[in-house]
Amino acid sequence: MGLIVVDACTRDGRGGSPTAVVIDDATRTDDERRAVASTVGTSHTAFVDSSSEALPRVRFFTTEGELQNCGHGTIAALAVLLHRAGGTQHHGLQSTGNRLVAVTATRRRDGIEVWFEQGIITLSDSTDPASSAIIAALGLTPSDIVADDLRVASPGTPRLLVRVRERRTLSAMRPDLARLAAECRRLGYLGCFAYVLAPTAGPASARMFAPAIGVDEDIVNANSVGCLAAHLLDTSRTSDIEVHQGDALGRPSAVFATATQTRDGIVARIGGLVHHPRAQRNAFDLREVR
């Protein structure tokens, strides 16, 4: 078994979300899988079972338990598989949760670029009175947000999308994490994705709070970027978006997403970059952990 740590979804050669990737023989217990993140010091771990000739099966864990899917974990796992194979490109499928995910990994001069198909994203307006409790738990007031953009989005697990009016308000957010975790558990939310749209066509900024799954603030939440792209397409604004995350934690990160309307619903394609180990020898980007 090998364990590699990568920084997923870096921006301008820096930052990204440290993510543990374990080449797994499927003999570990789930309790052992939960323990890896706290031992290594990452928020998430991707376990890749490639022991058979069938498609690789990838599972994702935080210290609280297994996740149905993980966007930056998918990007990290595919980058590691391409790196280990020594190839220049990979197109294929991986098994995650109860579905097959189409993935593409390409070796570039500045790193390994990974894209994956998120699948159908369901969207609904957040009219539940409990939303006001969530907003308060985030440390926001009704005047801080754009109420018309308050939506629940789910690519399999629901989360609340909260559009904040001002970038400085987003940067200053200090949620009541215990209260937020309780509200999210009660409503069945993974967490809350707070974001600010750029006044022009520039990148959006976002922060993801998910204490209900053991991640107080996620450096990167790629699946939520896909959800945001779906919301923007659904409200007739744009289908392509770049989102910057991680600045509040000193880990500048970038995620890209493209949403498409299909006969079955809105789907999204999500991308991010992981650096080559030789390009960042003295950094944390990609290393074997013995």
Side-chain angles (χ1 to χ4, degrees), residues 8-11 14-18 42-44 62-64 67 70-72 125-154 157-199 202-232 241-255 257 272:
C9 306
T10 56
R11 190 202 319 163
R14 301 183 299 123
S17 180
T42 61
S43 61
H44 297 72
T62 68
T63 56
E64 293 293 313
L67 303 177
C70 175
H72 69 272
D125 294 333
S126 180
T127 57
D128 192 315
S131 295
S132 59
I134 290 253
I135 299 306
L138 286 169
L140 300 173
T141 66
S143 63
D144 290 326
I145 68 169
V146 180
D148 290 345
D149 278 328
L150 195 65
R151 302 197 83 184
V152 178
S154 177
T157 306
R159 77 279 324 271
L160 188 65
L161 306 182
V162 181
R163 182 180 172 188
V164 179
R165 294 184 184 276
E166 301 287 343
R167 195 179 302 271
R168 62 184 179 183
T169 304
L170 181 74
S171 299
M173 286 177 65
R174 297 294 183 270
D176 181 333
L177 295 170
R179 183 179 177 188
L180 182 61
E183 292 295 334
C184 286
R185 290 190 184 109
R186 186 169 67 83
L187 294 168
Y189 294 165
L190 176 81
C192 294
F193 189 71
Y195 67 94
V196 174
L197 296 178
S205 298
R207 298 175 69 182
M208 177 65 173
F209 302 99
I213 62 167
V215 183
D216 290 347
E217 181 170 357
D218 209 352
I219 294 171
V220 171
N221 196 280
N223 278 322
S224 292
V225 175
C227 290
L228 177 56
H231 164 60
L232 294 176
I241 191 166
E242 176 182 351
V243 178
H244 289 177
Q245 301 174 67
D247 295 280
L249 300 174
R251 304 287 306 183
S253 308
V255 181

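Rounding to the nearest 0.5 Å gives a distance of 9.0 Å between CD of Gln245 and CZ of Arg11. Between the SG atom of Cys227 and the CZ atom of Phe193 there is a distance of 8.5 Å, given to the nearest 0.5 Å. Atom OG1 in Thr62 sits 5.5 Å away from atom CD1 in Ile213 (nearest 0.5 Å). Rounding to the nearest 0.5 Å gives a distance of 4.5 Å between CE of Met173 and CZ of Phe209. Taking CD from Glu183 and OG from Ser131, the interatomic distance works out to 9.5 Å, rounded to the nearest 0.5 Å. In this structure, CG in Leu190 is found 6.5 Å from CG in Asn221, a value given to the nearest 0.5 Å.
Listed here is the closest heavy atom pair of Leu170 and Ala194: CD1-O, 3.5 Å. Nearest heavy-atom pair across Ile134 and Cys184 is CD1-SG, 4.1 Å. Shown here for Ala8 and Val220, the closest heavy-atom pair between the two residues is O-CG2, 4.1 Å. Between Ala198 and Gly202, the shortest heavy-atom distance links the atoms CB-O, 3.3 Å. Of all heavy-atom pairs spanning Ala229 and Ala257, the tightest one is CB-CB, 3.9 Å. In terms of heavy atoms, Ser17 sits closest to Ser43 at OG-OG, 4.4 Å.
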Inset, instruction - Give the intermediate values and the outcome of side-chain contact (heavy atoms from CB on, under 4.5 Å) for residues Leu161 and Leu150. - result: CA-CA 6 Å; Leu161 306 182; Leu150 195 65; over 6 Å; no

Inset, instruction - For the pair Glu217 and Ile219, evaluate side-chain contact (heavy atoms from CB on, under 4.5 Å) and give the outcome as yes or no after the intermediate values. - result: CA-CA 6 Å; Glu217 181 170 357; Ile219 294 171; over 6 Å; no

Inset, instruction - Could you check Met208 against Tyr195 for side-chain contact (heavy atoms from CB on, under 4.5 Å), going step by step and ending with a plain yes or no? - result: CA-CA 9 Å; Met208 177 65 173; Tyr195 67 94; over 6 Å; no

Legend entry - Derivation of the side-chain contact (heavy atoms from CB on, under 4.5 Å) call for His72 and Asn223: CA-CA 8 Å; His72 69 272; Asn223 278 322; over 6 Å; no

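Side chain of Ser154 to backbone of Thr157: a donor-acceptor contact under 3.5 angstrom is found. Of the possible donor and acceptor atoms, none in the side chain of Arg159 sits under 3.5 Å from a partner among the backbone N and O of Cys192. Listed for the Arg167 side chain is no donor-acceptor partner under 3.5 Å among the backbone atoms of Leu197.
Between Asp149 and Arg165 there is no salt bridge, since none of the side-chain N atoms of the basic residue sits less than 4.0 Å from a carboxylate O of the acidic one.
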